[in-house]
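Quick notes on the structure that follows.
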Amino acid sequence: MADLDNIKETKKFSPDNPQNAQGFHVKGCSNYGWGMKTRLSNIFNPKSGRTLMLAFDHGYFLGPTSGLERIDLTIPPLAPYIDVFMGTRGALTACIEPGLLNGKAVALRCSSGSSILNDDLSHELVSVDINEAARLNASCMAVQVFIGSDGQKQSIENISKLIDTGNAAGIPTMGVVAVGKTMERTTKYFQLATRMIAEFGAQIVKCYYCDDFETVTAGCPVPIVIAGGKKLPEKDALDMCYNSLQRGAAGIDMGRNIFQSEAPVAMVRAVRSIVHDGITSDQAYEMYQDIRK
Ligand code: R5P
């Protein structure tokens with residue numbers, strides 16, 4: 001085992017020297033088979049290499065949260081502008097018409113096990129079977145990973161199980177870095193958690209934005225998409241999207257900053273243009289204001 005007493009400061013991330021793509025547009029995924037690559041290509045646009053996911057899986061532990069009281073009313077108007085629907089099987093099958101999925105992907109939430117009524121949210125289990133993920137045409141399975149918490153070992157078992165079954169079925173796994181009330185949100189923590197998740201074998205990692213984010217993305221050998229977090233003023237959220245992509249993120253997986261916005265359609269269109277059209281956050285904010293008029 002590596003020597004815990006002699007961990008040297010990590011400096012050599014070389015963010016300006018990107019990892020060799022090895023002929024496939026999704027970082028670190030060139031050595032997978034055809035099925036896995038088609039699903040990754042449903043998620044990550046082969047031209048931009050990027051993705052815009054809309055996260056609306058909050059109800060699986062929060063119940064009806066603000067903006068998601070009625071998924072059937074909130075999500076369909078946003079559908080034309082996103083690449084991936086990130087939700088639970090219950091929300092997807094009950095509230096999203098299959099026709100809305102034309103040309104789009106599903107990131108299926110596959111872990112659960114606690115609710116806001118519990119103090120410690122870190123004890124989860126795999127709550128969706130691989131056959132169900134295949135039946136729902138999931139392009140990836142999403143699972144929370146609680147590094148440094150009581151539920152760490154359990155959540156590593158969960159992600160390992162999903163990766164084993166997902167690799168056999170050609171379905172990628174997205175490991176979601178969990179941050180709880182008492183869990184760290186430092187750059188060092190995100191470097192650790194994202195790298196661990198990638199080394200478990202996840203094809204995609206979801207993580208929060210932080211200072212020196214380019215060291216987090218450079219140290220993680222597979223693509224990172226950022227979570228939005230709590231609702232911010234629209235310009236701040238757009239700045240976060242732009243900065244994260246500039247610093248190596250491969251996409252945005254945002255929820256509240258879109259569906260809780262004053263103008264959700266204007267917001268999702270502005271975020272989309274940052275992700276796929278390469279506009280700046282200032283330009284995106286102008287776009288947001290024009291569309292919401
Ligand atoms: C985390 O496990 C879930 O995917 C969250 O429900 C999601 O990341 C929240 O999205 P946001 O923070 O952008 O509202």
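Both ligands and their constituent atoms are indexed starting at 1 by order of listing. Bear in mind that the values here come from a model prediction, so they are computed numbers and not experimental data.
For the pair Lys153 and Glu157, the salt-bridge criterion is met [side-chain N within less than 4.0 Å of a carboxylate O]. Note on Arg272 versus Asp277: no salt bridge recorded, every NZ/NE/NH1/NH2 to OD/OE distance being 4.0 Å or above.
Using a 4.0 Å cut-off between heavy atoms, Lys206 contacts ligand 1 through its side chain alone, with no backbone atom that close. Counting heavy atoms under 4.0 Å from ligand 1, residue Arg256 touches it through both backbone and side chain.
Scanning the protein heavy atoms around atom 10 (O) of ligand 1, the nearest turns out to be His58 NE2, 3.4 Å. Among all protein heavy atoms, the one lying closest to atom 4 (O) of ligand 1 is Asp57 OD2, 2.8 Å. The protein heavy atom nearest to atom 13 (O) of ligand 1 is Gly255 N, 2.7 Å.
Leu232 pairs with exactly one of Asp239, Leu238, Asn257 by the side chain to side chain contact (heavy atoms under 4.5 Å, CB included) rule, that one being Asn257. Of the residues Asp211, Thr187, Ile226, the one that meets the side chain to side chain contact (heavy atoms under 4.5 Å, CB included) test with Val216 is Thr187.
With ligand atoms numbered from 1 in the order given, ligand 1 contributes 13 (O) to contacts under 4.0 Å with heavy atoms of Met254. Residue Met86 has at least one heavy-atom neighbour below 4.0 Å for each of these atoms of ligand 1: 4 (O). Numbered from 1 in the order shown, with element, the atoms of ligand 1 that lie under 4.0 Å from a heavy atom of Gln144 read 1 (C), 2 (O).
In this structure, Arg109 has a heavy atom closer than 4.0 Å to ligand 1. Using 4.0 Å as the threshold, Val176 has a heavy atom nearer than that to some atom of ligand 1.
Between the OH atom of Tyr81 and the CD1 atom of Ile258 there is a distance of 12.5 Å, given to the nearest 0.5 Å.
Of all non-hydrogen atoms in Ser48 and His276, the two that sit nearest each other are OG-ND1, 2.9 Å.
Taking the side chain as every heavy atom from C-beta outward, Ile130 and Met141 approach each other to under 4.5 Å.
Checking side-chain atoms of Lys27 against main-chain N and O of Pro18 turns up no donor-acceptor pair under 3.5 Å.
Where the criterion is an N or O separation shorter than 3.5 Å, residue side chain and backbone included, Phe61 fails it with respect to ligand 1. Any N or O atom pair closer than 3.5 Å counts here, and Gly229 shares at least one such pair with ligand 1.
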